[in-house]
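Just so it is clear: chains get the letters A, B, ... in the order the sequence lines come, proteins before strands, and each one is counted from 1.
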Amino acid sequence: MVTAGVLNIVKMLECWLVGIENTCSRIKLPHAVPVLIGRGPETQIVDKKCSRHQVQLTSDCSKGYIKVKQIGTNPTSIDSVDIGKDQEVKLKPGHVLHMVNKLYPYTVEFVKGQSDSKDQLKKCTSKRPHENSLNKSPETKFSKLQFNDVPDGNQRTNNSTAEQQQHTIQSENKGHWSQGLKVSMQDPKMQIFKDDKVVVIKDKYPKARYHWLVLPWQSISSLKALRSEHLELLHHMHAVGENIIRDHSSLSRAKFRLGYHAIPSMSHIHLHVISQDFDSPCLKNKKHWNSFTTEYFLDSQEVIDMIKLKGKVEVKDGTSELLKSPLKCNVCKVQQATIPQLKEHLKKHFTS
DNA sequence: GTTCTAGAAC
DNA sequence: GTTCTAGAAC
(Lines give C-alpha, C1' and ligand atoms only; values in the text may rest on other atoms or scores of the structure.)
Protein backbone atom coordinates (compact mmCIF):
# COMPACT_ATOMS: atom_id res chain seq x y z
CA MET A 1 0.00 0.00 0.00
CA VAL A 2 1.00 3.59 -0.51
CA THR A 3 0.78 4.38 3.20
CA ALA A 4 3.10 1.60 4.32
CA GLY A 5 5.58 2.43 1.57
CA VAL A 6 5.75 6.06 2.57
CA LEU A 7 6.22 5.19 6.22
CA ASN A 8 9.00 2.81 5.30
CA ILE A 9 11.02 5.24 3.21
CA VAL A 10 10.87 8.10 5.68
CA LYS A 11 12.28 6.06 8.58
CA MET A 12 14.91 8.09 10.42
CA LEU A 13 18.51 7.14 10.82
CA GLU A 14 19.88 6.42 14.28
CA CYS A 15 22.77 8.45 15.59
CA TRP A 16 25.65 6.91 17.55
CA LEU A 17 28.67 8.52 19.13
CA VAL A 18 31.45 5.97 18.76
CA GLY A 19 34.76 5.81 20.60
CA ILE A 20 37.67 5.36 18.21
CA GLU A 21 40.18 4.01 20.73
CA ASN A 22 37.68 2.73 23.22
CA THR A 23 35.46 0.94 20.71
CA CYS A 24 33.05 -0.32 23.33
CA SER A 25 32.01 3.20 24.10
CA ARG A 26 28.96 3.58 21.86
CA ILE A 27 26.39 6.10 22.95
CA LYS A 28 23.07 6.43 21.18
CA LEU A 29 22.00 10.04 20.64
CA PRO A 30 18.25 10.48 20.20
CA HIS A 31 17.22 12.89 17.46
CA ALA A 32 17.12 16.56 18.53
CA VAL A 33 17.52 15.78 22.25
CA PRO A 34 20.49 17.50 23.96
CA VAL A 35 22.65 14.96 25.81
CA LEU A 36 25.40 15.84 28.30
CA ILE A 37 28.50 13.66 28.11
CA GLY A 38 31.87 13.69 29.83
CA ARG A 39 33.83 11.87 32.53
CA GLY A 40 31.83 8.90 33.75
CA PRO A 41 30.92 5.25 33.25
CA GLU A 42 29.31 5.84 29.85
CA THR A 43 32.59 6.99 28.30
CA GLN A 44 34.90 5.26 30.83
CA ILE A 45 36.86 8.53 30.93
CA VAL A 46 38.40 9.04 34.41
CA ASP A 47 40.65 11.99 33.53
CA LYS A 48 39.83 14.83 35.97
CA LYS A 49 40.57 17.35 33.19
CA CYS A 50 37.37 16.15 31.57
CA SER A 51 34.23 17.57 33.13
CA ARG A 52 31.35 15.23 33.92
CA HIS A 53 29.41 17.48 31.56
CA GLN A 54 32.22 18.17 29.10
CA VAL A 55 30.00 18.48 26.01
CA GLN A 56 26.37 18.83 25.11
CA LEU A 57 25.51 16.80 22.01
CA THR A 58 22.39 17.29 19.94
CA SER A 59 21.94 14.99 16.98
CA ASP A 60 20.07 15.81 13.80
CA CYS A 61 19.29 12.51 12.16
CA SER A 62 17.66 14.10 9.14
CA LYS A 63 20.62 16.35 8.38
CA GLY A 64 23.25 13.80 9.37
CA TYR A 65 25.32 15.66 11.92
CA ILE A 66 25.46 16.42 15.63
CA LYS A 67 25.95 19.80 17.24
CA VAL A 68 28.73 19.71 19.83
CA LYS A 69 28.73 22.39 22.50
CA GLN A 70 31.71 22.57 24.85
CA ILE A 71 30.42 22.94 28.39
CA GLY A 72 33.60 22.06 30.32
CA THR A 73 36.51 24.46 30.80
CA ASN A 74 39.25 22.37 29.18
CA PRO A 75 39.28 22.25 25.39
CA THR A 76 37.12 19.92 23.36
CA SER A 77 38.17 19.79 19.71
CA ILE A 78 36.91 18.66 16.32
CA ASP A 79 39.59 17.66 13.80
CA SER A 80 42.13 19.18 16.21
CA VAL A 81 40.44 22.59 16.24
CA ASP A 82 39.33 23.68 19.71
CA ILE A 83 35.63 24.45 19.97
CA GLY A 84 35.87 26.95 22.83
CA LYS A 85 33.81 27.08 26.02
CA ASP A 86 30.09 27.57 25.37
CA GLN A 87 30.73 27.45 21.61
CA GLU A 88 28.92 25.03 19.32
CA VAL A 89 30.29 23.26 16.24
CA LYS A 90 28.83 20.62 13.93
CA LEU A 91 30.34 17.14 13.92
CA LYS A 92 29.77 15.13 10.75
CA PRO A 93 30.63 11.52 9.95
CA GLY A 94 34.31 11.15 9.14
CA HIS A 95 35.35 13.96 11.48
CA VAL A 96 36.96 13.32 14.85
CA LEU A 97 35.85 14.75 18.17
CA HIS A 98 38.43 14.77 20.98
CA MET A 99 36.60 15.01 24.26
CA VAL A 100 39.33 16.96 26.08
CA ASN A 101 42.97 18.03 25.50
CA LYS A 102 43.18 16.15 22.15
CA LEU A 103 42.42 12.90 24.01
CA TYR A 104 39.54 10.41 23.91
CA PRO A 105 38.63 10.50 20.21
CA TYR A 106 35.10 9.88 19.03
CA THR A 107 33.30 9.97 15.75
CA VAL A 108 29.66 9.94 14.78
CA GLU A 109 27.76 7.32 12.83
CA PHE A 110 24.30 7.41 11.36
CA VAL A 111 22.84 4.00 10.80
CA LYS A 112 19.48 2.69 9.67
CA GLY A 113 16.92 2.90 12.45
CA GLN A 114 15.85 -0.65 11.74
CA SER A 115 19.16 -2.22 12.86
CA ASP A 116 18.63 -2.90 16.53
CA SER A 117 20.88 -1.77 19.31
CA LYS A 118 21.69 -5.30 20.49
CA ASP A 119 23.21 -6.00 17.11
CA GLN A 120 25.25 -2.82 17.37
CA LEU A 121 26.55 -3.77 20.81
CA LYS A 122 27.29 -7.33 19.77
CA LYS A 123 29.39 -6.13 16.86
CA CYS A 124 31.09 -3.75 19.19
CA THR A 125 32.13 -6.30 21.79
CA SER A 126 33.33 -8.78 19.21
CA LYS A 127 35.55 -6.30 17.42
CA ARG A 128 39.18 -5.85 18.22
CA PRO A 129 40.03 -2.18 18.79
CA HIS A 130 42.08 -1.62 15.64
CA GLU A 131 39.30 -2.87 13.43
CA ASN A 132 37.17 0.08 14.39
CA SER A 133 39.84 2.74 14.07
CA LEU A 134 39.92 5.39 11.40
CA ASN A 135 42.24 3.75 8.90
CA LYS A 136 41.92 4.40 5.20
CA SER A 137 40.86 0.94 4.09
CA PRO A 138 37.62 0.96 2.12
CA GLU A 139 36.59 -2.16 3.97
CA THR A 140 36.59 -0.74 7.50
CA LYS A 141 33.57 -1.32 9.69
CA PHE A 142 33.40 2.45 10.04
CA SER A 143 32.68 3.08 6.40
CA LYS A 144 30.32 0.15 6.10
CA LEU A 145 28.24 1.19 9.05
CA GLN A 146 28.22 4.78 8.04
CA PHE A 147 27.06 4.05 4.51
CA ASN A 148 25.04 0.93 4.98
CA ASP A 149 22.31 2.34 2.76
CA VAL A 150 24.59 2.78 -0.25
CA PRO A 151 23.63 0.05 -2.67
CA ASP A 152 27.00 -0.74 -4.25
CA GLY A 153 30.28 -1.51 -2.56
CA ASN A 154 32.26 1.30 -4.17
CA GLN A 155 32.91 3.08 -0.89
CA ARG A 156 35.79 5.34 0.04
CA THR A 157 36.55 7.06 3.32
CA ASN A 158 37.67 10.30 1.72
CA ASN A 159 35.81 13.04 3.55
CA SER A 160 34.33 14.85 0.57
CA THR A 161 33.18 11.57 -0.91
CA ALA A 162 31.80 10.63 2.48
CA GLU A 163 29.76 13.80 2.62
CA GLN A 164 28.50 13.33 -0.92
CA GLN A 165 27.42 9.81 -0.04
CA GLN A 166 25.74 11.03 3.11
CA HIS A 167 23.76 13.45 0.96
CA THR A 168 22.93 10.65 -1.45
CA ILE A 169 21.58 8.62 1.45
CA GLN A 170 19.45 11.52 2.57
CA SER A 171 17.95 12.08 -0.86
CA GLU A 172 17.51 8.38 -1.53
CA ASN A 173 15.84 7.57 1.77
CA LYS A 174 13.42 10.45 1.30
CA GLY A 175 14.74 12.30 4.34
CA HIS A 176 15.27 15.25 2.01
CA TRP A 177 13.32 18.41 2.86
CA SER A 178 11.30 18.22 -0.36
CA GLN A 179 9.67 15.02 0.88
CA GLY A 180 8.44 16.66 4.09
CA LEU A 181 4.76 16.76 3.15
CA LYS A 182 4.69 13.00 2.70
CA VAL A 183 5.85 12.72 6.30
CA SER A 184 3.49 15.37 7.69
CA MET A 185 0.38 14.02 5.96
CA GLN A 186 0.91 10.63 7.64
CA ASP A 187 1.22 12.16 11.10
CA PRO A 188 -2.12 11.97 12.95
CA LYS A 189 -1.16 15.01 15.02
CA MET A 190 -0.99 17.10 11.83
CA GLN A 191 -4.26 15.89 10.34
CA ILE A 192 -7.17 18.31 10.53
CA PHE A 193 -9.44 16.12 8.43
CA LYS A 194 -9.21 12.92 6.45
CA ASP A 195 -11.40 10.66 4.40
CA ASP A 196 -10.75 7.79 2.01
CA LYS A 197 -9.34 10.08 -0.69
CA VAL A 198 -7.61 13.04 0.97
CA VAL A 199 -6.05 14.41 4.13
CA VAL A 200 -5.90 18.04 5.30
CA ILE A 201 -3.03 19.44 7.36
CA LYS A 202 -2.11 22.91 8.52
CA ASP A 203 0.78 24.39 6.59
CA LYS A 204 3.83 24.05 8.85
CA TYR A 205 4.87 27.64 7.98
CA PRO A 206 1.53 29.35 7.33
CA LYS A 207 1.74 32.42 5.12
CA ALA A 208 -1.60 33.81 6.38
CA ARG A 209 -3.92 33.59 9.38
CA TYR A 210 -5.48 30.47 7.84
CA HIS A 211 -3.39 28.21 5.66
CA TRP A 212 -4.18 24.53 5.08
CA LEU A 213 -3.01 21.95 2.58
CA VAL A 214 -5.29 19.34 1.03
CA LEU A 215 -3.33 16.28 -0.10
CA PRO A 216 -4.60 13.16 -1.84
CA TRP A 217 -3.56 9.77 -0.44
CA GLN A 218 -2.84 8.79 -4.03
CA SER A 219 0.76 9.54 -4.92
CA ILE A 220 0.72 12.34 -7.51
CA SER A 221 4.05 14.14 -7.68
CA SER A 222 2.89 17.49 -9.08
CA LEU A 223 0.61 19.37 -11.44
CA LYS A 224 2.53 17.93 -14.38
CA ALA A 225 1.23 14.46 -13.59
CA LEU A 226 -2.44 15.51 -13.61
CA ARG A 227 -4.71 14.05 -16.29
CA SER A 228 -8.45 13.79 -16.94
CA GLU A 229 -8.66 10.68 -14.77
CA HIS A 230 -7.82 12.88 -11.75
CA LEU A 231 -10.72 15.31 -12.30
CA GLU A 232 -13.01 13.67 -9.77
CA LEU A 233 -10.22 13.74 -7.17
CA LEU A 234 -9.47 17.42 -7.90
CA HIS A 235 -13.14 18.31 -7.47
CA HIS A 236 -13.15 16.44 -4.19
CA MET A 237 -10.00 18.20 -2.97
CA HIS A 238 -11.61 21.54 -3.78
CA ALA A 239 -14.84 20.62 -2.00
CA VAL A 240 -12.92 19.45 1.08
CA GLY A 241 -10.99 22.73 1.07
CA GLU A 242 -14.23 24.70 1.03
CA ASN A 243 -15.60 22.59 3.87
CA ILE A 244 -12.50 23.30 5.94
CA ILE A 245 -12.98 27.04 5.36
CA ARG A 246 -16.62 26.80 6.40
CA ASP A 247 -15.86 24.73 9.51
CA HIS A 248 -12.85 26.67 10.75
CA SER A 249 -13.26 30.29 9.81
CA SER A 250 -16.91 31.04 9.16
CA LEU A 251 -16.93 33.63 11.94
CA SER A 252 -13.87 35.45 10.62
CA ARG A 253 -15.45 36.22 7.22
CA ALA A 254 -11.93 35.96 5.83
CA LYS A 255 -11.47 35.80 2.08
CA PHE A 256 -9.79 32.69 0.73
CA ARG A 257 -8.18 31.34 -2.37
CA LEU A 258 -7.76 27.67 -3.20
CA GLY A 259 -4.99 26.84 -5.61
CA TYR A 260 -1.68 25.31 -6.55
CA HIS A 261 1.82 26.62 -6.99
CA ALA A 262 2.71 26.32 -10.67
CA ILE A 263 6.19 25.08 -9.75
CA PRO A 264 6.05 23.68 -6.22
CA SER A 265 9.11 23.03 -4.08
CA MET A 266 7.60 20.19 -2.13
CA SER A 267 6.89 16.79 -3.59
CA HIS A 268 3.34 15.36 -3.55
CA ILE A 269 0.57 17.47 -5.03
CA HIS A 270 -1.07 19.78 -2.50
CA LEU A 271 -3.92 22.24 -2.74
CA HIS A 272 -3.28 25.44 -0.78
CA VAL A 273 -6.30 26.81 1.08
CA ILE A 274 -5.13 30.21 2.23
CA SER A 275 -6.80 33.31 3.62
CA GLN A 276 -5.95 36.50 1.77
CA ASP A 277 -4.74 38.57 4.74
CA PHE A 278 -1.17 37.22 4.41
CA ASP A 279 -0.78 38.24 8.02
CA SER A 280 1.91 35.84 9.19
CA PRO A 281 5.47 36.00 10.54
CA CYS A 282 6.29 33.07 8.24
CA LEU A 283 5.76 35.26 5.18
CA LYS A 284 9.27 36.63 4.97
CA ASN A 285 10.38 37.27 1.42
CA LYS A 286 9.50 38.15 -2.15
CA LYS A 287 9.27 34.54 -3.21
CA HIS A 288 6.70 33.82 -0.51
CA TRP A 289 4.62 36.82 -1.52
CA ASN A 290 4.75 36.32 -5.26
CA SER A 291 4.08 32.61 -5.06
CA PHE A 292 0.60 33.39 -3.68
CA THR A 293 -0.22 36.69 -5.36
CA THR A 294 0.97 36.38 -8.96
CA GLU A 295 -0.01 33.93 -11.69
CA TYR A 296 2.46 31.58 -10.05
CA PHE A 297 -0.60 30.68 -7.95
CA LEU A 298 -3.08 28.77 -10.09
CA ASP A 299 -6.64 28.75 -8.82
CA SER A 300 -7.98 25.28 -8.21
CA GLN A 301 -10.92 25.97 -10.52
CA GLU A 302 -8.57 27.07 -13.34
CA VAL A 303 -6.55 23.90 -12.98
CA ILE A 304 -9.72 21.82 -13.18
CA ASP A 305 -10.94 23.77 -16.21
CA MET A 306 -7.61 23.41 -17.99
CA ILE A 307 -7.58 19.65 -17.52
CA LYS A 308 -11.13 19.46 -18.84
CA LEU A 309 -10.10 21.52 -21.86
CA LYS A 310 -6.61 20.26 -22.64
CA GLY A 311 -6.29 17.03 -20.67
CA LYS A 312 -3.36 18.37 -18.66
CA VAL A 313 -1.96 21.46 -16.94
CA GLU A 314 0.29 23.68 -19.01
CA VAL A 315 2.59 26.01 -17.08
CA LYS A 316 3.47 29.13 -19.05
CA ASP A 317 7.08 29.93 -19.91
CA GLY A 318 8.61 32.44 -17.55
CA THR A 319 6.44 31.41 -14.61
CA SER A 320 9.45 30.95 -12.37
CA GLU A 321 10.47 34.56 -13.08
CA LEU A 322 7.21 35.74 -11.52
CA LEU A 323 8.74 35.02 -8.12
CA LYS A 324 11.04 37.99 -8.68
CA SER A 325 8.23 40.41 -9.60
CA PRO A 326 7.94 43.75 -7.77
CA LEU A 327 5.89 43.55 -4.58
CA LYS A 328 2.30 44.59 -5.28
CA CYS A 329 -0.47 44.70 -2.72
CA ASN A 330 -2.97 41.95 -3.45
CA VAL A 331 -5.89 44.22 -2.49
CA CYS A 332 -5.18 47.67 -3.98
CA LYS A 333 -2.30 46.72 -6.32
CA VAL A 334 -0.05 49.52 -5.04
CA GLN A 335 3.61 48.60 -5.32
CA GLN A 336 5.73 48.37 -2.16
CA ALA A 337 9.50 48.63 -1.94
CA THR A 338 10.28 46.05 0.68
CA ILE A 339 8.66 43.20 2.53
CA PRO A 340 8.49 45.12 5.83
CA GLN A 341 6.82 48.03 4.04
CA LEU A 342 4.41 45.68 2.33
CA LYS A 343 3.51 44.12 5.67
CA GLU A 344 2.92 47.54 7.17
CA HIS A 345 0.78 48.47 4.16
CA LEU A 346 -1.32 45.31 4.44
CA LYS A 347 -2.50 46.38 7.88
CA LYS A 348 -4.64 49.05 6.20
CA HIS A 349 -6.70 46.33 4.62
CA PHE A 350 -7.13 44.19 7.72
CA THR A 351 -10.70 43.95 8.87
CA SER A 352 -9.68 43.00 12.40
C1' DG B 1 10.69 24.33 1.77
C1' DT B 2 13.80 27.01 5.82
C1' DT B 3 18.00 29.04 7.80
C1' DC B 4 22.00 31.64 7.61
C1' DT B 5 24.74 35.40 6.39
C1' DA B 6 27.53 38.46 3.19
C1' DG B 7 27.08 42.44 1.29
C1' DA B 8 23.98 45.76 -1.02
C1' DA B 9 21.07 49.45 0.05
C1' DC B 10 19.99 52.90 2.87
C1' DG C 1 25.77 52.60 11.70
C1' DT C 2 21.15 49.39 10.54
C1' DT C 3 17.91 47.11 7.40
C1' DC C 4 16.99 44.09 3.96
C1' DT C 5 17.72 40.89 0.28
C1' DA C 6 19.48 37.14 -2.34
C1' DG C 7 21.91 33.14 -2.80
C1' DA C 8 24.26 29.18 -0.66
C1' DA C 9 23.72 25.55 2.37
C1' DC C 10 20.89 22.42 4.31
Side-chain angles (χ1 to χ4, degrees), chain A residues 6 9-10 12-13 15 31-32 58-69 78 87-95 108 110 149 159-187 190 199-208 211-215 220-224 259-274 278 280-294 296-298 319-328 335-346:
Chain A
V6 169
I9 56 180
V10 300
M12 252 253 240
L13 296 172
C15 178
H31 175 67
T58 313
S59 80
D60 190 323
C61 293
S62 61
K63 291 176 182 165
Y65 60 69
I66 59 178
K67 287 183 185 167
V68 181
K69 187 173 184 181
I78 290 178
Q87 299 298 302
E88 194 171 63
V89 174
K90 287 175 190 169
L91 175 70
K92 296 180 179 176
H95 295 194
V108 60
F110 288 89
D149 273 352
N159 277 353
S160 61
T161 311
E163 282 173 18
Q164 282 165 16
Q165 290 185 345
Q166 188 67 27
H167 288 148
T168 307
I169 291 167
Q170 282 179 24
S171 49
E172 282 180 1
N173 76 4
K174 304 295 186 289
H176 190 261
W177 56 262
S178 64
Q179 308 301 314
L181 289 179
K182 295 181 188 177
V183 181
S184 298
M185 66 186 278
Q186 301 290 341
D187 181 354
M190 306 284 279
V199 59
V200 182
I201 61 174
K202 279 189 181 179
D203 193 293
K204 196 173 175 184
Y205 299 91
K207 304 300 185 291
H211 188 180
W212 299 283
L213 305 176
V214 183
L215 305 109
I220 301 173
S221 61
S222 75
L223 286 182
K224 284 183 192 167
Y260 301 85
H261 281 151
I263 308 165
S265 300
M266 305 295 279
S267 223
H268 200 103
I269 198 163
H270 49 285
L271 171 66
H272 288 273
V273 179
I274 183 165
F278 297 109
S280 166
C282 298
L283 195 152
K284 293 177 176 175
N285 59 45
K286 189 174 258 189
K287 183 177 171 179
H288 291 154
W289 179 257
N290 285 328
S291 73
F292 287 101
T293 61
T294 67
Y296 195 93
F297 190 82
L298 304 173
T319 297
S320 61
E321 300 306 307
L322 292 172
L323 295 177
K324 295 174 181 173
S325 306
L327 301 167
K328 274 171 71 176
Q335 192 169 317
Q336 303 295 323
T338 66
I339 288 287
Q341 284 172 33
L342 172 66
K343 290 193 155 209
E344 192 59 33
H345 170 88
L346 290 177

(message) Looking at every non-hydrogen atom in both residues, tell me the closest pair between A/T338 and A/L327 and how far apart they are.
(response) C-CD1, 3.5 Å
(request) Describe the nucleic acid contact of A/K207 in one word from base, sugar-phosphate, nothing, applying a heavy-atom distance below 4.0 Å. (result) sugar-phosphate
(request) Of all the heavy-atom pairs spanning A/A208 and A/I274, show the shortest one and how long it is. (result) CB-CG1, 3.6 Å
(message) Could you tell me if the side chain of A/K328 sits less than 4.5 Å from the side chain of A/T293, heavy atoms only?
(response) no
(request) Assign A/T338 to base, sugar-phosphate, or nothing according to its heavy-atom contacts below 4.0 angstrom with the strands shown. (result) sugar-phosphate
(message) Within the 4.0 Å heavy-atom criterion, would you say A/I339 contacts the bases, only the backbone, or no part of the nucleic acid?
(response) sugar-phosphate
(message) Over 60° means perpendicular and under 30° means parallel, so tell me whether A/W289 and A/F278 are parallel, tilted or perpendicular.
(response) perpendicular
(message) If you compare all heavy atoms of A/I78 against all heavy atoms of A/K90, which two are closest, and at what distance to 0.1 Å?
(response) CD1-O, 3.8 Å
(request) Report yes if the side chains of A/H31 and A/D60 come closer than 4.5 Å at any heavy-atom pair, otherwise no. (result) yes
(request) Under 4.0 Å from any heavy atom of chain A: name the first and the last nucleotide of DNA chain B that qualifies, 5' to 3'. (result) B/dG1 to B/dT3
(message) Holding to salt bridge (charged side-chain N to carboxylate O under 4.0 Å, His left out), I want the full list of residues that pass it with A/E344, two or more places apart in sequence or in another chain.
(response) A/K347
(request) Measure up the A/H211 and A/F292 rings against each other and bin them: parallel (under 30°), tilted (30 to 60°), perpendicular (over 60°). (result) perpendicular
(request) Could you list by number each residue of residues 281-288 of chain A showing a heavy-atom separation from DNA chain B of less than 4.0 Å, or answer none if no residue does? (result) A/K284, A/H288
